Amino acid sequence: MMRGSAGGGTCARLASLIWRLKTPGVAQRLGRTRGLASGVQAPINENKKSHIRQKPQKQICIPVLEYFDKKYRHEHGELWDKVRAQNRFPRLLHHAERLKEYYLLNAASLLPVLALDVQDGERVLDMCAAPGGKSVAILQSATPRHFLCNDHDSLRHKWLKQTLESFVPEDLRGVTSVTNLDGRDIGPQQPQIFDKVLVDAPCSNDRSWLFSSDVLKARLRIAHTPNLPVLQKQLLRSALEALCPGGTMVYSTCTLSRAENDDVVASLLNSCDNIQTVDLTDLACSLSHSFTFAEGVQYGQLIVPEKGRTWGPMYVSKLWKTH
């Protein structure tokens, strides 16, 4: 069952956030940050260009590519062939004194933030927040009453803290807390607390895995992929429990895998009678000039990279808790 769409005036406001995040000086409300670049570097003064250069291209991990060829060509057909061609993305290398001037973020990573549509004064949970780019983007779009940023992995939790310390000024730190909890425990420990919850779940990170430098580690990741949907479903159930009646949550991944996307959401919908999907068609239409959206996705939207639009992959589903 589909609840009202995220469109109209809301879409116009959300779409404008992408433009603000690409504009120099957009992060003035975040103090020391000069600009949050959505997948591209914020414009830089000519006299600073000498401090920035591109990193060498990463090498594709062949076992991962072979696994993707087998799995995604079966699931997505010709769409995978288009995505497969977009596999090299330049990264920027910064000198230490320049690291905190802007945040580089794949533009598709803004879609969960736009779908979540946080408003001033709301209580917000970012359940799997590291490395923190989406958390920073949320704080650029609104000032929550309380913002809990969490990540269970100890190294990623440290990374998350460093990101927020680098980009969040003192006047916003009072509403922001950073925790190292198992996301599956947050719902039982803090039931019906949050107005908005983002579950950017651990997943088969297609882009990251493809450039794995350790082949053995990549093979182990592939072997463990069947366990990921189990974890993702548990995180979603915890998020539902933490959500206030009438609140909304967004589930997102950076994989093309149907088992980790629509199938996970379907499992929650089939087992809970107090949750409904929110139609994101209007939001996708308002952003269609920037992103390519896959067809046939039942419970959300899926951005896929293609020539000239290399953002993604990014799956997003928005859910409303009815009672």
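Here the structure is a predicted model, which means the values were calculated and not measured.
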- Message: Before you tell me yes or no, could you show the steps for Ser286 and Leu283 under side-chain contact (heavy atoms from CB on, under 4.5 Å), namely the whole-Å CA-CA distance, both residues' side-chain angles and the distance that decides it to 0.1 Å?
- Response: CA-CA 5 Å; Ser286 72; Leu283 177 59; 4.0 Å; yes

- Can you tell me how far the CD atom of Gln298 sits from the CG atom of Leu269, to the nearest 0.5 Å? 9.0 Å

- Query: Between Arg156 and Pro131, is any pair of side-chain heavy atoms under 4.5 Å apart?
  - Reply: yes

- Task: Begin from the C-alpha positions of Leu256 and Leu79 and carry the test side-chain contact (heavy atoms from CB on, under 4.5 Å) through to its verdict.
- Result: CA-CA 11 Å; Leu256 297 169; Leu79 176 63; 5.8 Å; no

- Task: Is it possible for you to say whether Leu172 and Val178 belong to one hydrophobic cluster, with membership spreading through side-chain heavy-atom contacts below 4.5 Å?
- Result: yes

- Query: Where is the tightest heavy-atom contact between Cys244 and Gln192, given as atom of each residue plus distance?
  - Reply: SG-O, 3.2 Å

- Can you find a heavy atom in the side chain of Pro188 that is under 4.5 Å from one in the side chain of Glu241? yes

- Task: Determine whether the side chains of Asp262 and Tyr315 contain a donor N or O and an acceptor N or O closer than 3.5 Å.
- Result: yes

- Message: Taking side chain to side chain contact (heavy atoms under 4.5 Å, CB included) as the criterion, tell me which of Asn205, Asn106, Ile303 meets it with Cys254.
- Response: Asn205

- For Leu148 and Ser177, which heavy atoms make the closest approach, and how far apart are they? CD1-OG, 3.3 Å

- Item | Any side-chain heavy-atom pair of Asn274 and Leu240 under 4.5 Å | yes

- Query: Got a donor-acceptor contact below 3.5 angstrom from the Thr277 side chain to the Tyr299 backbone?
  - Reply: no

- State yes or no: do Phe147 and Trp159 share one hydrophobic cluster built from I, L, V, M, F, W and Y residues joined by side-chain heavy-atom distances below 4.5 Å, directly or via other members? no

- Message: So does Met127 get a backbone contact from the side chain of Asn150, meaning a donor-acceptor N/O pair under 3.5 Å?
- Response: yes

- Between Gly183 and Ser238, which heavy-atom pair has the shortest distance, and what is it? O-OG, 2.6 Å

- Message: For the OG1 atom of Thr225 and the NZ atom of Lys71, what is their distance to the nearest 0.5 Å?
- Response: 6.5 Å

- Taking atom types as modelled, find out whether Ser252 and Asp200 have a side-chain donor-acceptor pair closer than 3.5 angstrom. yes

- Salt bridge present between Lys134 and Asp126 (N-O < 4.0 angstrom): no

- Taking the side chain as every heavy atom from C-beta outward, state whether Gln140 and Val113 have any atom pair closer than 4.5 Å. no

- Item | Minimal non-hydrogen separation, Cys149 against Thr176, with atom names | SG-CG2, 4.1 Å

- Query: Which pair of heavy atoms, one from Gln190 and one from Ile193, lies closest together, and at what distance?
  - Reply: O-CG1, 3.3 Å

- Item | Separation between OG of Ser135 and CG of Leu160, rounded to the nearest 0.5 Å | 5.5 Å

- Query: Would a distance-only check, ignoring hydrogens and angles, find a side-chain to backbone donor-acceptor pair under 3.5 Å from Arg123 to Phe194?
  - Reply: no

- Query: Are side-chain heavy atoms of Asp81 and His76 found at a separation under 4.5 Å?
  - Reply: no

- Search all heavy atoms of Arg173 against all heavy atoms of Val168 and return the closest pair with its distance. NE-O, 2.8 Å

- Message: Taking atom NE2 as the centre, does His323 end up with more than 12 heavy-atom neighbours from other residues, nucleotides or ligands that are less than 6.0 angstrom away?
- Response: yes

- Report yes if the side chains of Pro202 and Cys128 come closer than 4.5 Å at any heavy-atom pair, otherwise no. yes

- Task: Could you go through the side-chain contact (heavy atoms from CB on, under 4.5 Å) check for Trp80 and Asp69 one step at a time?
- Result: CA-CA 8 Å; Trp80 167 241; Asp69 278 339; 2.9 Å; yes

- Side chain proximity check, Leu228 to Thr255, heavy atoms < 4.5 angstrom: no

- Side chains of Val215 and Cys61: closer than 4.5 Å at any heavy-atom pair? yes

- In Å, rounded to the nearest 0.5 Å, how long is the span from CZ of Arg184 to CG of Leu236? 13.0 Å

- Message: Looking at His157, is its backbone amide N or carbonyl O close enough to the side chain of Asn180 to form a donor-acceptor pair, meaning the two atoms are under 3.5 Å apart?
- Response: no

- Task: Quick one: pull up CZ in Arg237 and CG in Leu268 and give me the separation to the nearest 0.5 Å.
- Result: 6.0 Å

- Message: Within the 3.5 Å criterion, strictly below it, is a donor on Thr292 or Glu306 matched to an acceptor on the partner's side chain?
- Response: yes

- Task: First locate atom CD of Gln234, then atom CG of Asp182, and finally report the distance between them rounded to the nearest 0.5 Å.
- Result: 8.5 Å

- Task: Would you confirm whether Glu260, through its side chain, and Ser204, through its main-chain N or O, come within 3.5 Å as a donor-acceptor pair?
- Result: yes

- Go through Ser109 and Trp311 one step at a time and tell me if the side-chain contact (heavy atoms from CB on, under 4.5 Å) criterion holds. CA-CA 9 Å; Ser109 294; Trp311 316 120; over 6 Å; no

